[in-house]
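Report on the structure given below.
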Amino acid sequence: LLAAILVFVLKLHKKVVYRLALYQVLSALAFALLQALQITFINYDQNVRVYRQICAAFGWFVLFSQLVKLVFTLWVTFHLFCFAVLHKNLKKLEVLYVVTSLLVPALISTVPLTTQTYGVRSSSGALCFIYAQNDSDSNQRDRARIERFVLWDGPATITLSVASIAIVAMLMKLGHRICQRRGRYQLLADSSGQHRKALKQLLP
């Protein structure tokens, strides 16, 4: 919340990359709030018929918020990489960033609704996500496990790995430039306007 406030106080929201980071922070806040509300399902076993419907809707929002944050993470990394390394300003793609970051997660989050795999795993306590609604059904457990990997675990692992590689590449590129100059401020002074903008976004 503090980070989101600072973005507006410092007027950083005027820059695309900071707006993307702001969207990411807001999705993280939504996910944190939803996780805090998971306590609602502490008595899931006592009234399964009522809680199952609520859990399905709740699970959709949980997965949606996680995926939104994940996609925005990918877009922030992509935007910075193109801007800082390839020197391409893709600010015109902001609408595409936002639309895909909302539409794709919404579609993916709907899959467990159609397969009825949103549920509460008894061993995890009050946690509504992609779990078998009936733990005693091995087929349903296996289907939920596969869906959880395909829809969340797999994409999260791949996205964070790609983002990490891109960040390392940006830091290596930045370090190489600094080594060729006489330090950060000399680098900013000697670089072209486009390079300076890229470096200012990467450097603290």
Side-chain angles (χ1 to χ4, degrees), residues 3-4 16-41 44 48 50-82 90-135 137-167:
V16 175
V17 67
Y18 290 109
R19 285 200 297 272
L20 293 176
L22 177 62
Y23 303 148
Q24 184 188 39
V25 169
L26 293 177
S27 62
L29 285 174
F31 173 71
L33 177 61
L34 290 169
Q35 288 297 87
L37 293 175
Q38 291 277 20
I39 192 65
T40 305
F41 302 100
Y44 183 87
V48 176
V50 174
Y51 280 110
R52 179 171 294 173
Q53 302 302 320
I54 300 175
C55 178
F58 204 87
W60 187 94
F61 282 107
V62 169
L63 181 59
F64 174 75
S65 62
Q66 285 182 309
L67 290 173
V68 168
K69 185 178 185 299
L70 192 66
V71 178
F72 270 124
T73 298
L74 183 63
W75 282 133
V76 169
T77 306
F78 171 77
H79 185 83
L80 279 176
F81 183 85
C82 291
L90 303 178
K91 62 181 181 180
K92 294 182 178 180
L93 297 181
E94 183 180 3
V95 175
L96 176 65
Y97 295 156
V98 175
V99 171
T100 55
S101 296
L102 295 176
L103 183 59
V104 173
L107 294 175
I108 294 176
S109 301
T110 304
V111 174
L113 283 179
T114 59
T115 58
Q116 297 183 343
T117 49
Y118 280 128
V120 173
R121 188 173 62 182
S122 58
S123 60
S124 65
L127 182 59
C128 186
F129 198 54
I130 305 177
Y131 299 124
Q133 294 183 357
N134 183 6
D135 276 348
D137 189 336
S138 60
N139 291 330
Q140 196 175 76
R141 286 202 311 270
D142 292 340
R143 186 170 68 249
R145 190 179 297 112
I146 293 172
E147 282 190 19
R148 190 166 62 251
F149 177 80
V150 173
L151 300 180
W152 170 244
D153 295 339
T157 301
I158 294 173
T159 299
L160 294 179
S161 298
V162 171
S164 299
I165 293 172
I167 291 173

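- In plain terms, the two heavy atoms of I130 and A144 that are nearest each other are CG2-O, 3.6 Å.
- In this structure, the side chains of L29 and L33 stay at 4.5 Å or more apart for every pair of heavy atoms.
- If you take NZ on K69 and CG on L74, they are separated by 12.5 Å, rounding to the nearest 0.5 Å.
- A centroid separation of 6.0 Å or more is found between the aromatic rings of W75 and F72.
- When all heavy atoms are compared, the tightest approach of A56 to L113 is O-CD2, 3.7 Å.
- Within the 4.5 Å cutoff, no side-chain heavy atoms of V76 are placed close to those of H79.
- With rounding to the nearest 0.5 angstrom, the CZ atom of F58 is 5.0 Å from the CG atom of L34.
- The shortest side-chain heavy-atom distance between F61 and C128 does not fall under the 4.5 Å cut-off.
- Considering every non-hydrogen atom in both S27 and V68, the closest pair reads CB-CG1, 3.6 Å.
- Legend: residues meeting side-chain hydrogen bond (donor to acceptor under 3.5 Å, both in side chains) with S65, ordered by chain and number and at least two apart, are absent.
- Rounding to the nearest 0.5 Å places CD1 of I165 at 11.0 Å from CG of L160.
- Qualifying side-chain hydrogen bond (donor to acceptor under 3.5 Å, both in side chains) partners for E94, counting only residues two or more places apart in sequence or in other chains: R19, Y23.
- Scored by the side chain to side chain contact (heavy atoms under 4.5 Å, CB included) test, A106 finds W60, F64 as partners (sequence neighbours excluded).
- The side-chain hydrogen bond (donor to acceptor under 3.5 Å, both in side chains) test applied to E147 returns T115, T117, not counting sequence neighbours.
- Taking all atoms of both residues into account, the shortest heavy-atom contact from P105 to S101 is CG-O, 3.0 Å.
- Taking CG of L151 as the start and CG of L63 as the end, the distance is 6.5 Å to the nearest 0.5 Å.
- Shown here are the side-chain hydrogen bond (donor to acceptor under 3.5 Å, both in side chains) partners of S164, two or more places apart in sequence or in another chain: there are none.
- Counting only residues at least two apart or in different chains, side chain to side chain donor-acceptor pair (under 3.5 Å) contacts with residues 150-161 are absent.
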